[in-house]
Asks: 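Take a look at the following structure, please.
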Amino acid sequence: MQRLIEIAPSILPADFTRLGEECLALEAAGVDRIHLDVMDGVFVPNLTFGPDIVRSLRKHLSIPFEAHLMVTQADEFAARFVEVGCSTVLVHAEACVHLHRSLSNIRSLGVRAGVVLNPHTPVNTLVHVLAQTDQILLMTVNPGFGGQAYIPLLDKIAETKALVDASGFDIDIEVDGGINATNIAECAAAGANVFVSGSALFKYADRAAGVADLRASAQSTRK
Ligand code: DX5
Ligand code: ZN
């Protein structure tokens, strides 16, 4: 069974003086979820926003929020982002000493648990936590900034897809970093079904046209 193609915009490129309007425009443009890049300045060399910003956005949108936690205290912050309305929490394997427990804890909060792998982190990191995982996020940039150059990791995506298919578990495979209407097709063909796009999508003044281009390009790889 092929999993739904989903477009999950990163809001990092947004005009933060109009963040609510920008997110409403993304929702109106037909995105499937909002991808929230949370950075603590320690796990990655950048700082973004916290739970209070997400709480204020939650009131105005109806689509799901996913929190991409690029933070050293992933366990502590997972609960905070669930409280303010995130229905998926993604933690970096590199930030979790006890990844199995971190993912189990997220699920015990009643939301979807996601694990993120940096470009260098091998897929076999996932082998013993697939039963606790609802989503795998493969970074196609080194985390910390939007607008970086895409790192093609097609073998890694294909390896992840094969692992998930062999497991029989119901897991989304997401890619994040430098994704645009061109390279999204190769990522979809390799096995990804959820796509984060920040700078490429925000380059479209007509956001709906950008979402349509991304979705059509990903869909084009399907029979
Ligand atoms: C990077 C973030 C990504 C990034 C995506 O650390 O996790 O979500 O902001 O933005 P683009 O699509 O511009 O690479
Ligand atoms: Zn992200």
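We count ligands from 1, going down the list as the structure has it; atoms in each ligand are counted the same way.
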Asks: A side-chain contact here means heavy atoms from C-beta on lying under 4.5 Å apart; do T160 and I157 qualify?
Replies: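 In short, these two side chains do not touch, never coming nearer than 4.5 Å.
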Asks: Please tell me whether T48 and D37 have a donor and an acceptor in their side chains that are separated by less than 3.5 angstrom.
Replies: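 No donor-acceptor contact under 3.5 Å links the two side chains.
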Asks: Record the part of S199 in heavy-atom contact with ligand 1 below 4.0 Å; permitted values are side chain, backbone, both and neither.
Replies: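 Both backbone and side chain of S199 come within 4.0 Å of ligand 1.
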Asks: Would you mind running through ligand 1 and noting each atom that sits below 4.0 Å from a heavy atom of G177?
Replies: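 It comes down to these atoms of ligand 1: 14 (O).
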Asks: Under 4.0 Å from any heavy atom of G147, which atoms of ligand 1 are there?
Replies: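 Those atoms are 11 (P), 13 (O), 14 (O).
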Asks: Are Q132 and R107 linked by a side-chain donor-acceptor pair shorter than 3.5 Å?
Replies: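 On atom types as modelled, these side chains do not qualify, holding no pair under 3.5 Å.
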Asks: Have a look at the Zn ion (ligand 2) and estimate, to 10 degrees, the angle subtended by NE2 (H35) and ND1 (H68).
Replies: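 Vertex the Zn ion (ligand 2), arms to NE2 of H35 and ND1 of H68: 100°.
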Asks: May I ask you to identify the nearest protein heavy atom to atom 12 (O) of ligand 1, giving residue, atom name and distance to one decimal place in Å?
Replies: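 Among all protein heavy atoms, the one nearest atom 12 (O) of ligand 1 is G198 N, 2.8 Å.
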Asks: Taking the Zn ion (ligand 2) as the reference point, name the nearest N/O/S atom of D176.
Replies: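 Atom name returned: OD2.
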Asks: Step by step, work out the ring pair (Phe, Tyr, Trp, His ring centres under 6.0 Å) result for H68 and H35.
Replies: CA-CA 7 Å; H68 175 191; H35 180 86; 5.2 Å; yes
Asks: Compare I11, D176, N46 and give the one whose heavy atom is closest to atom 4 (C) of ligand 1.
Replies: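 Of the listed residues, D176 has the closest heavy atom.
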Asks: I need the nearest protein heavy-atom contact for atom 2 (C) of ligand 1: residue, atom name and distance, please.
Replies: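 Looking only at protein heavy atoms, the one closest to atom 2 (C) of ligand 1 is D37 OD1, 3.4 Å.
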Asks: Would you mind listing which atoms of ligand 1 come within a distance below 4.0 Å of any non-hydrogen atom of M39?
Replies: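 Within the 4.0 Å cut-off of M39, ligand 1 contributes 6 (O).
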Asks: In terms of atom number and element, which parts of ligand 1 are under 4.0 angstrom from non-hydrogen atoms of H68?
Replies: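 With H68 as reference, the close atoms of ligand 1 come out as 7 (O).
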Asks: Using a cut-off of 6.0 Å, state whether more than 12 heavy atoms not belonging to R207 lie near its atom CZ.
Replies: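 Correct, the count exceeds 12.
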Asks: Does R215 come within less than 4.0 Å of D32, counting only side-chain N to carboxylate O?
Replies: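 The answer is yes: the pair qualifies as a salt bridge.
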Asks: Under a 3.5 Å threshold, yes or no: a donor from one side chain and an acceptor from the other, between D40 and T72?
Replies: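 D40 vs T72: donor-acceptor pair found between side chains.
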